[in-house]
There are 2 protein chains.
Amino acid sequence: MSLPPDMDASIDDQAARAAWLYYVGGLTQDQIASEMGLSRQRAQRLVSRAVAAGLIHVRLNHHLARCVELEAALRERFGLVRCRVMPGLGPSRDPVRSIAPAAAEEMERVLAESGSRVIALGTGRALRGMVDALSPVEAPQHRLVSLLGNIALDGSASYFEVIMRLAEKVRAPHYPMPVPVLVDTVEENRTLQSLGAVRKVRGLAQAADVTFVGVGQMSEDAPLMTDGFLTADELHEIQRVGAAGEVAGWIYDGQGRYLDLALNARLTGVRVEIATRERPVIGIAAGEAKIVALRAALTSGIINGLVTDEPTAAGILAG
Amino acid sequence: MSLPPDMDASIDDQAARAAWLYYVGGLTQDQIASEMGLSRQRAQRLVSRAVAAGLIHVRLNHHLARCVELEAALRERFGLVRCRVMPGLGPSRDPVRSIAPAAAEEMERVLAESGSRVIALGTGRALRGMVDALSPVEAPQHRLVSLLGNIALDGSASYFEVIMRLAEKVRAPHYPMPVPVLVDTVEENRTLQSLGAVRKVRGLAQAADVTFVGVGQMSEDAPLMTDGFLTADELHEIQRVGAAGEVAGWIYDGQGRYLDLALNARLTGVRVEIATRERPVIGIAAGEAKIVALRAALTSGIINGLVTDEPTAAGILAG
DNA sequence: TCGCCGTATGGGCAAATACTCACGCGCACC
DNA sequence: GGTGCGCGTGAGTATTTGCCCATACGGCGA
């Protein structure tokens with residue numbers, strides 16, 4: 001997945017230019033084709049490529065009354081530091097599409113601070129979407145630190161990589177958690193935690209000025225299970241003891257109190273503790289399935305900032 | 001299939017929602033129509049309205065190699081503090097469309113500062129475009145001040161209003177220059193300048209931390225003439241003494257030295273003096289006609305920041 | 001060298017979108 | 001109360017776009 005040297009760069013350049021002419025200039029693909037000396041089909045492919053590759057950002061420059069209401073209600077009820085509610089995209093559409101641009105704006109707001117900040121990051125599809133939607137900005141004054149590893153049980157590193165992508169975009173020093181998410185035994189965990197490198201990253205993460213996390217549901221489609229960290233049996237067992245959701249792998253109940261599980265001893269990542277106004281924890285999540293998990297995390301204050309979509313916000317408030 | 005029976009309060013809300021579904025959600029206008037319970041034509045109109053009203057922002061998330069080169073060359077040659085070059089849109093297209101989003105980003109960068117800043121603003125189509133392209137952000141810590149009035153010779157106030165619009169978007173205290181751009185006599189000017197309110201605004205503008213200005217050409221299509229501040233005869237006279245361009249109404253020659261004109265004594269606005277690294281002056285301008293004016297202003301350092309488009313950048317460097 | 005395979009290209013076509021026009025409704029002015 | 005005006009609406013239509021497919025190109029292994 002390394003960036004090609006030149007050929008693709010110029011392809012991306014062409015794509016970006018075509019998309020610029022299309023969306024900003026308002027030219028038709030025919031006009032773009034003649035302007036750039038291409039066939040119309042090629043112009044079409046370039047525009048569509050630019051969109052697919054995220055070379056083009058579309059953002060809403062208008063706060064919908066309904067979303068603002070929901071934001072206010074959520075702020076009020078849970079005492080949130082930050083809250084954004086984006087319009088829903090209707091059922092059967094991935095809500096990450098909707099919240100990613102707003103999450104990116106929240107991140108940009110932090111990155112724009114001129115003072116040096118420590119920014120901690122979880123993992124997950126929503127955070128990955130956020131990073132993809134982010135405009136590249138030079139922000140080398142900040143430090144990015146991971147709350148948990150990105151290596152699955154089988155050793156594969158494909159679990160949604162967030163911190164490296166982000167670091168690439170903003171050119172900030174970054175501290176990935178250099179360990180698997182979950183280890184097999186308590187002893188292995190103890191050994192890992194004693195490593196200087198791990199201790200340093202943990203310390204940084206615990207001192208983060210702001211934290212961005214996804215929120216996982218504990219229903220049958222729990223990310224922990226689909227990503228292979230839990231078996232179906234383990235999931236059901238944990239559901240029985242009242243699991244409602246999970247942040248960075250740490251599972252909590254319906255009131256947002258962390259559960260005392262055997263699993264905990266094998267988790268290597270940092271547990272996000274109660275968020276404060278000075279050190280907020282922003283949850284990035286949306287979807288019917290996550291409503292319960294979000295309400296619980298908001299109730300106890302595991303997260304005190306939220307970016308979500310309209311139906312999810314309504315669902316949280318309905319409970 | 002319609003989600004909530006909620007009559008979306010305003011037409012803009014509907015338009016924004018439709019555009020969101022279209023651009024972010026990727027629904028077709030047919031799907032939007034059934035989702036929102038409208039006719040397809042209405043959905044189409046809403047989307048197009050949202051685009052026209054600037055409810056939707058499209059930005060490029062990719063720096064084109066050619067533009068980066070031009071930026072580097074301009075930075076180097078004129079010692080610029082800030083420089084952005086956006087892709088051109090081809091001839092016969094308004095270059096303001098191209099530079100407005102980039103100018104808005106520059107402004108957002110300033111607005112994102114947490115410390116309090118004084119931001120001075122000129123007038124003109126380019127600045128107006130910048131403000132239109134700006135995302136609304138709460139930035140009440142800053143103060144916005146106008147470099148010149150917005151009242152034309154005939155008393156009309158329609159001259160591109162920038163500061164009020166901007167203040168509305170960012171909710172910052174603002175200080176418009178409460179006078180006509182140009183008065184009839186030197187005495188009138190002296191009277192105006194002695195007013196406390198005017199003195200205060202001038203003082204603020206002169207102490208601005210950052211200044212955004214348009215740049216006017218002095219060719220036959222000079223904004224000063226088309227906006228009615230100069231007659232054709234006056235323009236020709238001023239051209240004869242070497243006028244190359246104008247910033248906030250103050251005319252300078254090909255080296256960017258302000259000219260000593262009779263007109264000056266009747267101008268009420270603040271003259272932008274040499275920009276510094278700490279107090280930069282950002283020029284927002286593009287177009288074939290403005291190349292000479294821009295090169296002059298850059299040469300003497302009337303402006304030390306620039307947002308322009310590709311052909312204009314190339315033209316400036318070619319001279 | 002040949003043939004195969006993956007990839008990119010342009011033509012054609014159906015779907016989607018933008019535009020035009022005629023109509024209807026409400027409103028203000030007569 | 002009539003009349004004209006302006007705005008919004010839906011139907012119809014021209015344009016634009018997205019997609020499929022046949023084909024050309026180029027690299028690679030036999």
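Chain identifiers are assigned alphabetically (A, B, ...) following the order of the sequence lines, protein sequences preceding nucleic acid strands; residue numbering begins at 1 within each chain.
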Under 3.5 Å donor-acceptor, B:Lys169 side chain and B:Val131 backbone | yes
N/O-N/O pairs, protein side and nucleotides 12-16 of chain C side, under 3.5 Å:
none

- prompt: Do A:Arg42 and A:Gln14 have side-chain N/O donor and acceptor atoms under 3.5 Å apart?
  reply: yes
Backbone N/O of B:Ala222 and side chain of B:Gln217: donor-acceptor pair under 3.5 Å
no
By salt bridge (charged side-chain N to carboxylate O under 4.0 Å, His left out), B:Arg165 pairs with (sequence neighbours left out) none
Report task. Give a yes or no on whether A:Met36 atom CE has more than 12 heavy-atom contacts from other residues, nucleotides or ligands under 6.0 Å away. Result -> yes
| Any donor-acceptor pair under 3.5 Å from B:His57 side chain to B:Leu55 backbone | no
Salt bridge (charged side-chain N to carboxylate O under 4.0 Å, His left out) filter on A:Arg82, not counting sequence neighbours, yields A:Glu106
At a 4.0 Å cut-off to heavy atoms of chain B, the contacted part of DNA chain D spans D:dT9 to D:dA11
Let me see the working for A:Arg17 and A:Asp13 under salt bridge (charged side-chain N to carboxylate O under 4.0 Å, His left out), right down to the final yes or no.
-> CA-CA 6 Å; A:Arg17 187 176 294 273; A:Asp13 266 26; over 6 Å; no
Contact check, residues 44-60 of chain B vs DNA chain C, heavy-atom distance under 4.0 Å, returns B:Gln44, B:Arg45
**Donor-acceptor pair, side chain of B:Ser98 and main chain of B:Pro87, under 3.5 angstrom** = yes
Contacts satisfying salt bridge (charged side-chain N to carboxylate O under 4.0 Å, His left out) that involve residues 18-41 of chain A (not counting sequence neighbours) are none
